Amino acid sequence: MKEITAAQLKQMIQTGERVHVIDVREDEEVAFGMIPSATHIKMGDIPERMNELDKNETFVIICRSGVRSEHVCRYLEAHGYDVCNVIDGMLGWDGELE
């Protein structure tokens, strides 16, 4: 499975790279903020909504700490999707792990 850090993701976005970010956290978590360009699909909704994702695109999956996003990445990979896990999640994005 491909992996990146939140800092690497932030740099990709800041340099204008086209990145498809899927935030798999729960509604109450994203209420506190999420990456502006991200799409919110809760982890539990992935199986019924993965048909919304283009298998020709790469998706960067993020959660709070990287655990749920890893599970989602493994699931999507098993179904033929190209995905990349943000290993430190939103904690890394927000700088809490620095």
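For the numbers below, each heavy atom of this structure counts, side chains included, while hydrogens, waters and symmetry mates do not. Just so we're clear, the structure is a prediction, and the values are computed from it rather than from any experiment.
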Shared hydrophobic cluster for I4 and I13 (ILVMFWY, side-chain gaps under 4.5 Å): yes

Heavy-atom side-chain contact between I87 and E70 under 4.5 Å: no

Single-linkage hydrophobic cluster I61~I46, side-chain heavy atoms < 4.5 angstrom: yes

Pair Y75 and H71, ring centroids less than 6.0 Å apart: no

C63 versus G66, closest heavy-atom pair with distance: SG-N, 3.1 Å

Residues D23, K42: salt bridge by 4.0 Å N-O rule: no

No-hydrogen, no-angle side-chain donor-acceptor test under 3.5 Å, T5 and D88: no

R18/E57 ion pair, N-O < 4.0 Å: yes

Test item: V86 and V60 side chains (from C-beta on) under 4.5 Å apart, heavy atoms: yes

Enclosure of Q11 CD (heavy-atom neighbours >12, cutoff 6.0 Å): no

Check against side-chain contact (heavy atoms from CB on, under 4.5 Å), L9 and W93: CA-CA 8 Å; L9 173 59; W93 180 270; 4.1 Å; yes

Validation row: V30, F32 side chains within 4.5 angstrom (heavy atoms): no

Which atom of E77 lies closest to which atom of M1, heavy atoms considered: OE2-CA, 3.5 Å

